[in-house]
Amino acid sequence: MLSAFVYFTQSYKTSPAAESIKDIESIIIKENNAKKDTAELKKRLSFLEKSLDTKSQILYNALLANGFSVFFDKINNRSEHHFLKSIEGAKKLNDPSLIIWTQLNYSKYLYFYCQIDKLTPIVLKTMEECSQIDPSEMILPDETFKFFGWIMSTVEDDSAISYYKKSMQYMENPSTESAGVLNAIGNCYFRNEDLSNAMRCFNEAEVIALKVGDSVRYAKILGDKALVYEKKGNLKDAVRLLNQDIRYSQKFKIDKNEMYASILLAKVLLKLKDTTETEKILERAGKIAASKSYYRSSLKEVIELKLSILNGKNPEKELLLRRQLKQIEEYLLKTNGNTVLQRSYWLIQKEKYENDTKKIRTQLEQREKMTSFFILILIATIVLSLITYYSLNRKLKAKRIKLENDRLFFEQKLNDASSNINTYAEYLKNKNQQISILENELEEIKNSAPLPSEEEKIKLEEILSSHLMTDENWNTFKREFIKQHTGFYNSVMENFPELKESNLKIIMLQKLDYNNYEMSNLLGVTIDAIKKSKQRLKKKLGERYDLLFEIIDDK
């Protein structure tokens, strides 16, 4: 182990970048099949922890995070801490390959445990960063592009196939990995009802799986081929293949695959009206689905199938199942289960659109800056006083129009988006920026010579006033705040029923980390007024003031 440590750390000093990446890949691949023993994992990774090299520390945190994930088999604080620490280290080092890999490593964890809302922005950012780097400079490009394929396949995006095919360019073929990717491509074709190409990919994947002796992959492929047979109406062959899939899954103790195959088999058997066998299959599938919290969406399918079999024959049992189903549906709505996976498609499309818009806006701003620069050089040769007056006038008019348009844009964005507190917070932050700009413009008008007309001043002051928090905007904000922070709001109202609306404004904005300056801008009052409001609140609550801030600071 010591010799490995010396080799690894020396390679960063003496080897070119490509070799350094190979060293990193070698260590990652060795830890891909880590066991649940975290103590043993720490021993294996001790050579990285003891190293003074920054890359070694980044790898240590990332791989340790994976180890805790396997050990706890759920979202946990230890994994979260080490994942984020590895990403932070990669960003400080400003190493694109490590930044992409650490973010991807964290994304896999979020994906596996269905934390899709948290996953979406990280994946989109990582995809964008991958487009700006040569794949040869990436760590494990085959795994990277394959994961992007998983994500796009989950949200039924057509780009999934291109990502899968790109990943195959960087992996060994034939191999377990290439069989898996071909199988995934087949599933994409199947989803698009291209049964011919789907079966072609499944057959190619089956040949590779048998050639490399991957019985686990072979079992999964049999299940996927069964879907094609079912779609074509050949139910008997579908049942045969699914039974083979289940036998292999049981032999190699792949509970997750057995569960999926059993649910598919139950659906086919129902079409054949074999309810007795269906009940047996669902009983085993239900036990597996109930064993993990992240299998709840599969448990929901099992219960729905059981209800379709009962169909009013056993009201008492049916009532029990429906209560259980309701609990699961409530859980899926509150957590990031498959319900969120399906909803997240529009989120990704929205993020893509906003990213594209941001690029275009940046390009236009850069062109405008260059144009303005050359215009200023040209007009500097003309009468200075006259040019200053007209230049200032044009700038003020343009700013007034732009600010008005920005205000309308963000108002529209607020209405169009799936109103949540994050969107509203972005909207309020924009208001603060616009208020600061307008205040600076008004100050510039006062100090400029020659002075623009009084009409221009009035118009700017009217726009400034329109950017402040109105009663209507406050009611909208409050409603969306309560949706996102229901527990916090209820706790505050329960402990402090005497609070007035003016107190709630300060408390809600404090919860969103607004400082006194931002609050004063948004509410249209002075900073001193905000400070006095807080002082009055402290005096009003007395010893309970500290309790209020404990509730506010509780994340």
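The model shown is predicted, which means the values in this text are computed figures rather than measured ones.
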Task: Enclosure of K108 NZ (heavy-atom neighbours >12, cutoff 6.0 Å) - done: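 Check passes, neighbour count above 12.
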Donor-acceptor contact below 3.5 Å, side chain [X] vs main chain [Y]:
X	Y	result
E49	Q57	no
S26	K22	no
S153	A160	no
N192	D194	no
S46	K43	yes
S178	S175	yes

Contact summary for [X] and [Y], nearest pair of heavy atoms:
X	Y	value
N76	S69	ND2-CA, 3.9 Å
P96	I133	CB-CD1, 4.0 Å
M171	V181	CE-CG2, 3.7 Å
A205	L182	CB-CB, 3.9 Å
I122	Q103	CG2-O, 4.0 Å
I185	C201	CG2-SG, 3.8 Å

TODO: Could you check L59, I58, I29 and say which one makes a side-chain contact (heavy atoms from CB on, under 4.5 Å) with I24?
DONE: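 Of all the options given, the one that passes is L59.
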Task: side-chain contact (heavy atoms from CB on, under 4.5 Å) assessment of Y111 paired with S107 - done: CA-CA 6 Å; Y111 179 88; S107 296; 6.0 Å; no
Open item on the list: Between R200 and N203, do the side chains contain a donor N or O and an acceptor N or O under 3.5 Å apart?
Closed with: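 R200 and N203 do not have a side-chain donor-acceptor pair below 3.5 Å.
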Can you tell me how far the [atom1] atom of [X] sits from the [atom2] atom of [Y], to the nearest 0.5 Å?
X	Y	atom1	atom2	answer
N61	N66	CG	CG	11.0 Å
K292	M259	NZ	CE	11.0 Å
S159	Y164	OG	OH	10.0 Å
D157	C188	CG	SG	10.0 Å
W101	C130	CH2	SG	13.5 Å
L98	I139	CG	CD1	4.0 Å

Taking C-beta and beyond as the side chain, do [X] and [Y] meet within less than 4.5 Å on heavy atoms?
X	Y	value
M508	H485	no
I552	F488	yes
T102	Y106	no
N515	E518	yes
N77	F68	no
I208	N173	yes
Y113	K118	no
K220	V216	yes

Open item on the list: Tell me if the aromatic rings of F190 and F202 count as close, with their centers under 6.0 Å from one another.
Closed with: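 No, ring centres 6.0 Å or more apart.
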Open item on the list: Quick test of your reading of the model: are K146 and E143 salt-bridged, counting only N-O distances below 4.0 Å?
Closed with: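 Yes.
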Open item on the list: Does this structure show an ion pair linking E480 with K483, if we count only N-O contacts that are shorter than 4.0 Å?
Closed with: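 So E480 pairs with K483 through a salt bridge.
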- [ ] Assign the ring pair F477 / F481 to parallel, tilted or perpendicular, where the plane angle (0 to 90°) is split at 30° and 60°.
- [x]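 It falls in the tilted class, 30° to 60°.
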TODO: Over 60° means perpendicular and under 30° means parallel, so classify the ring planes of F148 and Y163, tilted if in between.
DONE: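 Aromatic pair Y163/F148 classed perpendicular.
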TODO: Test D245 against Y260 for side-chain contact (heavy atoms from CB on, under 4.5 Å), laying out the working first.
DONE: CA-CA 10 Å; D245 184 0; Y260 288 154; over 6 Å; no
Open item on the list: I'd like to know whether I254 forms a side-chain contact (heavy atoms from CB on, under 4.5 Å) with Y248, so could you lay out the CA-CA distance, the side-chain angles of the two residues, the decisive distance to 0.1 Å, and finally the verdict.
Closed with: CA-CA 8 Å; I254 319 165; Y248 271 103; over 6 Å; no
TODO: Please assess M199 against Y229 for the test side-chain contact (heavy atoms from CB on, under 4.5 Å), listing each intermediate value before the final yes or no.
DONE: CA-CA 9 Å; M199 186 59 85; Y229 282 117; 4.2 Å; yes
